[in-house]
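Since the structure comes first, as structure tokens, the remarks are kept for the end.
Fair warning: this is a prediction, and the values are worked out from it, not measured in the lab. Throughout, residue positions are numbered sequentially from 1 according to the sequence presented.
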Amino acid sequence: MIRTAALKVGKLAYWLLDFALPARCAGCGTIVNDVHSFCPDCWKRIEFLGSAGCVTCGTPLQATDAENCAVCLAKPPRIERTRAAVVYDDLTRSLALRLKYGRKVAIARTMARYMAPLLGTQPENALLVPVPLHRGRLWQRGFNQSAIVARELSRHTGIRSDASLLKRIRRTPPLKGMSLQQRRRVVAGAFKVDDGSAVDGRTVILVDDVLTTGSTANACARELRRAGAARVELISWARVVRPSQFMR
Ligand SMILES: [Zn+2]
Ligand SMILES: [Zn+2]
């Protein structure tokens with residue numbers, strides 16, 4: 001009873017704070033007119049990816065008339081559609097870090113605001129599934145940043161989000177600095193769907209904060225397809241883009 005009351009007061013206080021404080025730029029903290037947005041300076045610096053690029057993997061394309069990149073044409077990827085809101089750089093990385101280490105729901109709302117339009121029209125049975133953390137890491141950190149983003153995306157789009165369906169059954173070391181082959185090996189078999197009926201015949205949209213090579217998401221997709229998912233997509237906040245991939 002007391003606990004419920006405290007929770008309610010907490011919620012109210014949060015709402016009042018949200019309401020009373022001026023809106024701040026999610027990039028630099030400058031006061032802005034609009035909540036969950038960026039100031040004009042940050043806006044100019046951020047490279048928004050939108051729906052351009054390869055229709056399948058989202059890689060920026062040099063030739064504007066091609067729909068698919070050469071890689072996707074040669075071998076259609078397991079993830080049938082990949083989209084990211086922005087290019088990964090110092091500014092967009094800072095949002096991902098503040099979310100990861102500070103559980104800043106406001107940051108997740110900002111991200112979701114720019115990610116949601118990229119989801120397009122989805123079938124009624126679609127599910128948002130965050131890339132899971134291992135139990136040990138979840139206990140350490142207390143939350144999964146991608147699950148917070150998935151929840152905010154769900155609020156935006158009405159697509160159901162399920163953070164417990166896909167599990168990371170093996171703790172994997174950070175992939176930074178590893179080759180593509182090493183990454184694939186490390187994450188292979190690290191994910192598990194316990195209840196196949198929860199994904200059977202559905203479109204699953206994986207949600208991640210940062211997309212680097214896609215090895216982790218690919219391992220997730222493999223397990224989701226094995227469990228019966230009809231289609232797997234991926235939506236991420238930021239994407240690492242090599243300079244040579246830019247259309248200039
Ligand atoms: Zn700013
Ligand atoms: Zn492609």
Looking at R231 and E233, does any basic side-chain N land under 4.0 Å from a carboxylate oxygen? yes

Under-4.0 Å salt bridge between R225 and E80: yes

Side chain to side chain, L49 and R83, heavy atoms closer than 4.5 Å: no

Determine whether S215 and N218 satisfy the following criterion, side-chain hydrogen bond (donor to acceptor under 3.5 Å, both in side chains), listing intermediate values before the conclusion. CA-CA 5 Å; S215 309; N218 241 300; over 6 Å; no

Verify the neighbour count for atom CD of Q140: are there more than 12 heavy atoms of other residues, nucleotides or ligands below 6.0 Å? yes

Going by an N to O cut-off under 4.0 Å, is there a salt bridge joining R113 and D34? yes

Side chains of R183 and S179: is there a donor and an acceptor less than 3.5 Å apart? no

Do the side chains of N144 and L138 get nearer than 4.5 Å, heavy atoms only? yes

Look at atom NZ of K104 and say whether more than 12 heavy atoms of other residues, nucleotides or ligands are closer to it than 6.0 Å. no

Assigning hydrophobic clusters by single linkage (Ile, Leu, Val, Met, Phe, Trp, Tyr; side-chain heavy-atom cutoff under 4.5 Å), is M115 placed with L99? yes

Electrostatic pair D209-K100, nearest N-O below 4.0 angstrom: no

For F38 and F48, take the angle between the two ring planes, folded into 0 to 90°, and tell me which bin it lands in: parallel under 30, tilted 30 to 60, perpendicular over 60. perpendicular

Is any side-chain heavy atom of L128 closer than 4.5 Å to a side-chain heavy atom of T157? yes

Within 6.0 angstrom of R45 CZ, more than 12 heavy atoms from elsewhere: no

Would a 4.5 Å heavy-atom cut-off, applied to side chains only, mark I235 and L206 as touching? no

Modelled atom types, side-chain donor and acceptor of S37 and Y114, under 3.5 Å: yes

We want to know whether Y88 and R93 form a side-chain donor-acceptor pair, criterion being a heavy-atom distance below 3.5 angstrom. yes

